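On a predicted model such as this, the values are computed, not experimentally measured, just so you know. Order of the sequence lines sets the chain letters (A, B, ...), proteins ahead of strands, with each chain counted from 1.
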There are 2 protein chains.
Amino acid sequence: MDKREFKDKIYSVLSGLVKAMANPHRLEIIDLLGQAERSVEDIAKETGMSVANTSQHLQVLKQSNLVRVKRNGNFILYGLANDSVYKSWRDLREIGMGSLAEVEKIVREFRTKKNSLEPIRIDELISRMNSSNIILLDVRPHLEYKAGHIPNAVNIPIDQLLSRIGELKKSKQYIAYCRGPFCVFADEAVQLLTQKGFKVKRLEEGYPDWKLKFLVEDVSSGKIITNG
Amino acid sequence: MDKREFKDKIYSVLSGLVKAMANPHRLEIIDLLGQAERSVEDIAKETGMSVANTSQHLQVLKQSNLVRVKRNGNFILYGLANDSVYKSWRDLREIGMGSLAEVEKIVREFRTKKNSLEPIRIDELISRMNSSNIILLDVRPHLEYKAGHIPNAVNIPIDQLLSRIGELKKSKQYIAYCRGPFCVFADEAVQLLTQKGFKVKRLEEGYPDWKLKFLVEDVSSGKIITNG
DNA sequence: CAACTATTCAATAATTATATTGAATAGTTG
DNA sequence: CAACTATTCAATATAATTATTGAATAGTTG
């Protein structure tokens with residue numbers, strides 16, 4: 001094996017990995033699976049794809065070891081293979097937000113309508129979390145909340161928010177969070193609660209980003225190791 | 001703009017960014033430009049592509065803001081847009097090394113022939129760097145060394161190594177490094193120097209990885225900020 | 001400003017990726 | 001073990017990506 005052959009092989013195998021992420025549906029799947037495991041049918045419904053097409057995309061992700069498979073009764077559950085996968089997605093997402101003007105524009109346009117511009121960022125949240133006046137609102141579906149959430153967050157799924165609005169107090173400062181910067185549940189929560197006279201902001205990032213904060217990056221290998 | 005339309009737009013734009021990286025030649029170009037700026041002709045020669053094809057791939061990278069352009073006399077120099085680009089490449093590379101058995105196998109096979117298995121990792125290097133017995137050997141072309149190198153490293157480009165072997169001492173422990181884990185200069189150096197009876201190992205990572213160590217990651221935004 | 005040179009563009013052919021449909025499969029549950 | 005159900009597969013048509021060739025362009029230098 002000469003030098004050129006070696007490089008051709010390496011870059012070609014690695015580009016296969018990148019190609020596996022290089023599709024809008026597959027990015028959405030990765031983003032979604034960052035919250036919790038899900039069945040194929042579930043993923044299809046959530047992303048608006050056909051089941052067959054979803055399955056095909058999941059096969060692509062599986063072939064590159066980006067997702068892993070588990071059976072639960074009649075259902076097959078897909079989940080991210082490890083935290084590095086979400087971390088890579090987060091980094092690519094951030095490169096995009098930082099250098100592709102179009103991404104920032106689409107997000108700003110959407111949030112303007114929802115009154116959810118000026119979100120607070122995760123670091124600010126962490127430094128203000130001890131304040132007794134702040135209440136964290138996890139507006140994701142209960143299943144995702146159950147799979148993991150920010151400590152002390154109250155779970156009111158977005159579609160129950162209106163009917164359970166009596167549980168909230170106008171004196172508090174609410175921070176609504178959901179799946180991540182492209183999840184609209186928190187924007188919808190801000191829109192609704194602002195309308196009803198509550199003090200509320202959205203968290204820019206989502207639960208998986210909060211979770212990554214509490215992993216220690218072994219920088220020498222680039223791998224991620226659970227802390228505790 | 002409804003929820004589905006918003007998501008379709010976002011994931012589609014971001015997948016464009018990932019697609020721009022999702023090609024073996026473009027990964028090699030990113031890897032190469034991590035060392036120093038280069039002209040199109042230069043990149044073409046280094047990667048074994050035609051100039052027209054190289055130019056086409058560079059256009060793709062440029063459209064996604066992964067590279068930036070600068071003119072120098074008759075030449076146009078391409079460089080990485082920022083350190084985040086190399087960081088993403090590094091992370092993807094590491095996911096691949098960790099979870100695609102094939103990558104690890106190709107690398108091991110190649111290094112076995114060069115006697116350069118058992119490389120030392122960058123963290124170990126940092127902790128042993130003060131030892132007066134260790135000498136760092138940068139075996140990249142002089143131009144890349146000039147664009148940035150690990151402090152105190154001695155530059156002997158691989159194609160001058162044999163003729164300048166008199167400059168080396170058998171009592172020292174040499175650490176050869178080059179562009180990164182897929183660069184073979186360091187392997188060739190280890191092969192040659194081992195043969196001639198010197199104590200030598202290769203560094204697993206390359207100069208750009210060392211450089212990333214000394215950037216502070218602003219984890220809240222995912223962006224990278226130069227430290228000092 | 002003419003000649004030169006590095007780079008890009010345009011057109012083509014070949015390959016690869018994608019969505020859709022409906023049939024096949026495998027695994028579970030009663 | 002039969003019936004059921006979630007998932008995958010196979011076939012197809014459409015769309016996107018890639019390498020190659022040779023011509024066009026833009027920018028610099030004498």
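Nearest-nucleotide positions on DNA chain D for B:His25 and A:Phe75 put A:Phe75 closer to the 5' end. Two residues, A:Gly73 and A:Ala52, neighbour DNA chain C, and the one matched to the more 5' nucleotide by heavy-atom proximity is A:Ala52. If A:Ala22 and B:Ile76 are placed on DNA chain C by their nearest nucleotide, the residue sitting closer to the 5' end is B:Ile76.
The two residues A:Gly48 and B:Arg4 make their nearest non-hydrogen contact at N-NH1, 4.5 Å. Across every non-hydrogen atom of B:Ala186 and B:Ala176, the tightest pair is CB-O, 3.8 Å. A pairwise comparison of heavy atoms in A:Gln35 and A:Cys178 identifies OE1-O, 4.3 Å as the closest pair.
Across all strands shown, C:dC1 is found opposite D:dG30 as a Watson-Crick or G-U wobble partner, with both distances under 3.5 Å. Judged by Watson-Crick or G-U wobble contacts below 3.5 Å, the nucleotide C:dA11 has D:dT20 as its partner. Partner assigned to D:dT25 is C:dA6, using Watson-Crick or G-U wobble distances below 3.5 angstrom.
With hydrogens and angles ignored, the 3.5 Å screen pairs a side-chain donor or acceptor of B:Ser163 with a backbone N or O of B:Gln160.
Rounded to whole Å, atom P of C:dA26 lies 11 Å from atom CZ of A:Arg71. If you measure from atom NZ of A:Lys19 to atom P of D:dA16, you get 17 Å, rounded to the nearest angstrom. Going from atom CG of A:Leu77 over to atom P of C:dT28 covers 12 Å, rounded to whole Å. Nucleotide C:dA26 holds its P atom 21 Å from the CG atom of A:Asn72, rounded to whole Å. Summarising the geometry, the separation between CD1 on A:Ile43 and P on D:dA6 is reported as 15 Å, rounded to the nearest angstrom. The separation between A:Lys70 atom NZ and D:dA6 atom C1' is 17 Å, rounded to whole Å. In this structure, CG of A:Leu58 is placed 13 Å from P of C:dT18, rounded to the nearest angstrom. Distance A:Glu28 CD to C:dA19 P: 12 Å, rounded to the nearest Å.
Checking the phosphate oxygens (OP1, OP2) of D:dT18, a side-chain nitrogen or oxygen of B:Arg26 falls inside 4.0 Å.
Residue A:Gln56 has its side chain nearest to C:dT20 when only C:dT8, C:dT20, D:dT18 are considered. Of the candidate nucleotides D:dA19, C:dT7, D:dT28, C:dT7 has the atom nearest to the side chain of B:Val51. Set against C:dT8, D:dT29, C:dA10, the side chain of B:Asn74 has D:dT29 as its closest nucleotide. Comparing D:dT8, D:dT20, D:dT18 against the side chain of A:Tyr78 picks out D:dT8 as the nearest. Of the listed nucleotides (D:dG22, D:dT18, C:dT18), C:dT18 has the atom at the smallest distance from the side chain of A:His57. Ranking C:dT18, D:dC9, D:dA19 by closeness to the B:Asn53 side chain, first place goes to D:dA19.
Backbone-only engagement by A:Ser39 is indicated by non-hydrogen atom pairs under 4.0 Å involving sugar-phosphate atoms exclusively. As judged by a 4.0 angstrom heavy-atom cut-off over every strand, A:Gln59 is placed among residues touching the sugar-phosphate backbone only.
Here A:Asp209 does not pair with A:Arg121 in a salt bridge; the nearest charged N to carboxylate O distance is not below 4.0 Å.
The aromatic rings of B:Trp210 and B:Phe214 sit tilted, their planes meeting at an angle between 30° and 60°.
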